[in-house]
Amino acid sequence: MSSAQPPGPAGQPRHRVVLFDFDGTLADTIPLIVASFQHTVSHQFGEVVSEQEARSWIGRTLVDTFAERYPGQAEAMVKTYRDWNLAHHDDLIRAVEGIPQVLHGLLVAGCRLGVVSSKSEHTVRRGLQAVGLRHDFDIIVGLEATARHKPHPDPLLHAAEALGFDPAVCVYVGDATVDIRAARAAGMRPVGVTWGAGSAAELRAEGPAAVADTAGELLGILT
């Protein structure tokens, strides 16, 4: 599903700024994240977490996710998660077909590009390198940048302010429902992608401006 937006003024791209989520959007990290969640809960409590449930946790910070579900256990769980995740990171992370072409097409169109993620900036940079996305983004916002995180709009607003743009001329692309909610709350154009954590139905239920099923479709939506 897509929703066309008129081209920008002559000489300007349709979207002045395109911000991307990382996990499940720029890179296929979903198997890595699901396995990390499952290992953490199994290690801490001997419980089994289904893939569907683990996928529903994606998009928020680890601290927020674990504190909500396992009060008083978040600190230990975050450490267990990160230790296992980093040990298996480069083996389980995968590139998303067509994303390099999307980034190139947006650069040619004159867009400013950034990444806004709920994981640390260092881990985002490691992930970008692991999948060969060595693009020099204008900004990378990790969890350290703001006190509140998605679905709150603060990380997205931080990116727009740092780049010197009104949120209204920005688009945020993500694979999870919290991404759509954060973009709407920030006054940005929300665009969902279906190759990550959220299903097409879940994303569309949040009222995005558009949903892309492939990278090629995404580039068409954004340009």
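Bear in mind that the values here come from a model prediction, so they are computed numbers and not experimental data. We're numbering straight along the sequence, starting at 1.
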Would you say [X] and [Y] make side-chain contact, with heavy atoms under 4.5 Å?
X	Y	value
Q73	F45	yes
I99	V131	no
T223	L106	yes

Dump the intermediate steps for side-chain contact (heavy atoms from CB on, under 4.5 Å) on V41 and M77, then the final yes or no. CA-CA 8 Å; V41 175; M77 295 184 75; 4.1 Å; yes
Between atom [atom1] of [X] and atom [atom2] of [Y], what is the distance when rounded to the nearest 0.5 Å?
X	Y	atom1	atom2	result
L103	L113	CG	CG	6.0 Å
R189	I180	CZ	CD1	11.0 Å
E206	R184	CD	CZ	8.0 Å

Where the side chain of D179 meets the backbone of D175, is there a donor-acceptor pair that is under 3.5 Å apart?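 Yes; at least one donor-acceptor contact below 3.5 Å.
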Taking the hydrophobic residues Ile, Leu, Val, Met, Phe, Trp and Tyr, and joining any pair whose side-chain heavy atoms are under 4.5 Å apart, which ones share a cluster with L32? W84, L92
Run through the side-chain heavy atoms of Ile, Leu, Val, Met, Phe, Trp and Tyr, join any pair under 4.5 Å, and report what else lands in V169's cluster. V17, L19, V116, I139, V141, L156, L163, F165, Y172, M188
Residue pairs fulfilling side-chain hydrogen bond (donor to acceptor under 3.5 Å, both in side chains) with at least one residue in residues 94-112, sequence neighbours excluded: R112-D138
According to the side-chain hydrogen bond (donor to acceptor under 3.5 Å, both in side chains) rule, which pairs have a member within residues 193-203, sequence neighbours left out?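 Matches after skipping sequence neighbours: T194-D213, S199-E202.
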Filter on ring-ring contact (aromatic ring centres under 6.0 Å, His included), then keep only pairs touching residues 49-68, sequence neighbours left out; what's left?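 Pairs touching residues 49-68 that pass the test: F37-W57, F37-F66.
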Answer with yes or no whether the hydrophobic clustering places [X] together with [Y]; edges join I, L, V, M, F, W, Y residues whose side-chain heavy atoms lie under 4.5 Å apart.
X	Y	value
I58	V178	no
L143	V115	no
L86	V124	no
V193	I30	no
L62	F22	no

Where is the tightest heavy-atom contact between [X] and [Y], given as atom of each residue plus distance?
X	Y	answer
G198	L203	O-CD1, 3.9 Å
G192	P208	N-CB, 4.4 Å
F20	T25	CD2-CG2, 4.2 Å
L133	L26	CD1-O, 3.6 Å
A186	P167	O-CB, 3.2 Å
H89	A130	CE1-CB, 4.1 Å

[X]: partners by salt bridge (Lys or Arg N to Asp or Glu O under 4.0 Å), with sequence neighbours left out:
X	answer
R16	none
D21	K150
D166	none
R126	D90

Could you walk me through whether T61 and S118 satisfy the side-chain contact (heavy atoms from CB on, under 4.5 Å) test, starting with their C-alpha distance in whole Å, then the side-chain angles of each, then the deciding distance to 0.1 Å, before giving a yes or no? CA-CA 5 Å; T61 66; S118 293; 4.1 Å; yes
So that I can tick it off, tell me whether R125 and E121 are bridged by a salt bridge, with the cut-off set at under 4.0 angstrom between side-chain N and carboxylate O. yes
Here the salt bridge (charged side-chain N to carboxylate O under 4.0 Å, His left out) pairs for residues 56-71, sequence neighbours left out, are R60-E68
In short, salt bridge (charged side-chain N to carboxylate O under 4.0 Å, His left out) pairs touching residues 151-161 with sequence neighbours left out are R148-D154
Ignoring hydrogens and angles, write down the donor-acceptor pairs under 3.5 Å from the side chains of residues 46-53, residues two or more places apart or on other chains.
from	atom 1	to	atom 2	distance (Å)
S50	OG	E53	N	3.1

